[in-house]
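Note: hydrogens, waters and symmetry copies are ignored here, and every other heavy atom, side chains too, is used.
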Amino acid sequence: MFADPADRMMADALETILGGRRESGLDSIGRQAMWHDLARGGWLAFFDSALSDTDGANPVAALLGGEVLGRNLAPLQVLIGAGFVAPLLRRLPPSSPVRTIVSDWMSDGHAVAIARPVIAETARPGTAGEGSYTSAAALHARLHGRQYVLDGNVTEVIISDARHAILPIGLPGGGVGVAAVDLAAQGISQHLVNTVVEQVRCGELQLLGATVPEEAVCVEDVSDAIHLAGLTWSLLLDAYAVGVCRALIARSVEYAQMRVQFGRPIGEFQAVQHMAANMQVAAETSASLSLAAMREFIDAPETSFELIAASRLHSAASAQWTSELAIQMHGGVGFTWELGVHEWYRQAMFARHFLTDNRGLRSRLASIIRLRAAPAADGTMTARMLEAIHE
Amino acid sequence: MSADGASELRRGFRAWLDEKLPAEWRFTSHGATDAAVREMRVGIGERLGRAGWLSLAWPERHGGGGRPTSDRIIVVEELVRAGAPEPMNANALGIFAPTLMRFGTPEQCSTHLPAMLSHESLWCQGFSEPDAGSDLAAIRTRGAIFNDEIVITGQKVWTSYAHLSDYCYLLVRTEADAEAHRGLSLVIVPMRQPQVRVHPLRNIAGTDEFCEVFFDGAVAPIDNLVGERGDGWKQAMFALGQERSVGLAQRSLRLTGEFGRLARRCEAEARRGNPDASDELFRGALVDAYVTSRAVEATVRRALEIDGAGGDLSAIAPVAKLAWSEGHQRQSALALDVLGPGAVLGIADNETWWTTSLFSRAETIYGGTSEIQRNLLARSLGLARGMGRRVR
């Protein structure tokens, strides 16, 4: 990968802001401060711009920046803001006040909750399917004076520290709008559960006659915007996963150079060396595929789903496998909390299973592979092809 | 090159292939007999070479087109798409030709490169020996220098197509007393002499192209030394570096093309009612193979970009080799799984798939075994034998 000096400086600057402050070492206030620094420092806009069709498009910078987030286990709210909310807001109708309302929340340092974005079912812009961000749009909005009244349940919401949310609204004529919601508003109840990542809580929101100002709801169909934001979200998750892999390789190599058994550093043993090599294979293939997917997204977003899906599956698996190898390389202290290896593993598990729609992506890819492999629709073609194969 | 220029090149080469590549040469297996190999692999090599497609990215001073590496990749992509056989001299053109351009004399280049391109002369690589496989520096084949001749004595093995070759680029030990990595030299040896005996070895796939070669006082003129005497290790490492970049790109792009054929075959089998091809587990495995093929392709393209910019390949070239070779083995095994019991029968084109699967076992061995690649990666990460002093 060619990172020009400006890209490197950008990555260094982001590294400085994060300063090795990993999420586990921060309480809610600390996480809020990290988020605040990034939001106020224009980093959400940076990622949004790097993965866009503007002059600022720069897949290498996006990958490097995402890696820095992953290396430092940046809080999930950063990923949500940079990877999903900012790209969604930019694609909302310019006249919609929702853009300003949510941007102001984030600029003021407030995290924003979202329903779990799923790209598989929104692969075709304008269509909403079961299980996607948009299908969570079980919310109904009706105008009452100068307010909208919201009713319904939204499942699989990622909340963590958020006090606000941007939620999908089912539109009467089909399509999906969005509503900017203050979670403390009357008529909203949260049913949250713990997750494998200690600091992250997810769950269901129940809205029963919750009211929001009229301007906080966009009732135009924004399915396409949600679809594209889902793709950038997926790409940033990939870069984050690469960062997780790279951080684990660095930590594991350092440990293998220092830990002595049988009179020598364990890194001298080939069995240990080859675990590190396997981690490197996972990291580099993921970085390569992520970069290819980012380029494809910037060049041709309408046809980029296939590569983005492949990259998401590969990067998610790589981060989890690399974490498992890191635990093994660290031996006993990899299993305990002493050196913090567990945090990477838990994050990788969460990203692979909750933030990635494995079943949906695999199912879509299987369909695409079949579709492409199928002969022309007329039966004669099929017969001729089979004849050629079996004659 | 502009996007328009790239499209034009692609269109032009595609049209050329439509005209020059016979249908019976497309999507064939490796060629079981010498006659078949000669006809297909020498035939396509000769046509491509004479038309300048194989030297598109060579410097103009060596008779090449002076075009960027990206153009060469377009040619490779179209060869893969058309199912063309690999040119017979692909190994020499990919590995030895750049080495000769870098270290050889102008006379050596002008003598050998045109004939290598046109396939008037066929070439083999003489590196591995029975006791020097992964440990290449342990080679013992002796190159004794007497006046203006080098007299070669020893044995090489895994020398592909030695029995058909006119020349061998051979790594020999010219300085008997020097340490392992020193005292090696690279020399061009004519194969058509009585002091060179070639015994084809039958490989796992049943073909005979891997050979063992005995040199019993074979002679090469001193002018055939490539580069400085005793500098052969540096040249061999340069040559193997070529193997790990552009040569690998050709094979990895074939992996993606081969996946497409596997998917089509799988779909056809499913429509024919083969329950194995319709099995959901295999469908899932097909997705895994697809993801792997895309990851390999992306990695190799990135390695080429780094290489083209003069960057360091040490951390990524072994990744590309490992991901491709191990991915191809899994994909080949999967192909047999989805074809069901008929996979190993001589029906349809199943022989192509089982032959591919059998050949794929060599891919984690040649060009640096998987173990060597992992050692290289570990070293690039800072883990190596003897890195820490013994503590007790």
For [X], look at atom [atom1] and say whether over 12 heavy atoms of other residues, nucleotides or ligands are found less than 6.0 Å away.
{"X": "A:Gln328", "atom1": "CD", "result": "no"}
{"X": "A:Asp55", "atom1": "CG", "result": "no"}
{"X": "A:Met9", "atom1": "CE", "result": "no"}
{"X": "B:Arg379", "atom1": "CZ", "result": "no"}

Interchain contact, [X] with chain B, by part (heavy-atom threshold 4.5 Å):
{"X": "A:Ala287", "result": "both"}
{"X": "A:Ile249", "result": "side chain"}
{"X": "A:Ala277", "result": "both"}

Using a strict threshold of under 4.0 Å (side-chain N to carboxylate O), is an ion pair present between [Y] and [X]?
{"X": "A:Arg372", "Y": "B:Glu267", "result": "no"}
{"X": "A:Glu268", "Y": "B:Arg385", "result": "no"}
{"X": "A:Glu296", "Y": "B:Arg294", "result": "no"}

So which residue, [options], ends up with the most heavy-atom pairs under 4.5 Å with chain A?
{"options": "B:Gly382, B:Ala298, B:Ser370", "answer": "B:Ala298"}
{"options": "B:Arg301, B:Glu371, B:Arg261", "answer": "B:Glu371"}
{"options": "B:Leu377, B:Val287, B:Val296", "answer": "B:Val287"}

If I measure from the heavy atoms of chain A, does [X] come under 4.5 Å with its side chain, its backbone, both, or neither?
{"X": "B:Leu322", "result": "side chain"}
{"X": "B:Ala270", "result": "side chain"}
{"X": "B:Asn350", "result": "neither"}
{"X": "B:Glu297", "result": "neither"}

Which value, rounded to the nearest 0.5 Å, describes the distance between [X] atom [atom1] and [Y] atom [atom2]?
{"X": "B:Leu381", "Y": "A:Ser252", "atom1": "CG", "atom2": "OG", "value": "10.0 Å"}
{"X": "A:Ile368", "Y": "B:Tyr290", "atom1": "CD1", "atom2": "OH", "value": "7.0 Å"}
{"X": "A:Ser288", "Y": "B:Glu305", "atom1": "OG", "atom2": "CD", "value": "9.5 Å"}
{"X": "A:Arg362", "Y": "B:Leu286", "atom1": "CZ", "atom2": "CG", "value": "10.0 Å"}

Side-chain contact, heavy-atom cut-off 4.5 Å: [X] with [Y]?
{"X": "A:Gln280", "Y": "B:Arg374", "value": "no"}
{"X": "B:Arg302", "Y": "A:Glu284", "value": "yes"}
{"X": "A:Ile369", "Y": "B:Arg283", "value": "no"}

note = When B:Thr299, B:Ile316, B:Thr292 are each screened for side chain to side chain contact (heavy atoms under 4.5 Å, CB included) with A:Thr285, the one that passes is B:Thr299

note = Of the listed A:Glu254, A:Gln257, A:Gln270, A:Arg370, the one with the largest count of heavy-atom pairs under 4.5 Å with chain B is A:Arg370

ask   = Please walk me through it: do A:Leu365 and B:Val291 pass side-chain contact (heavy atoms from CB on, under 4.5 Å)?
value = CA-CA 9 Å; A:Leu365 281 181; B:Val291 171; 4.2 Å; yes

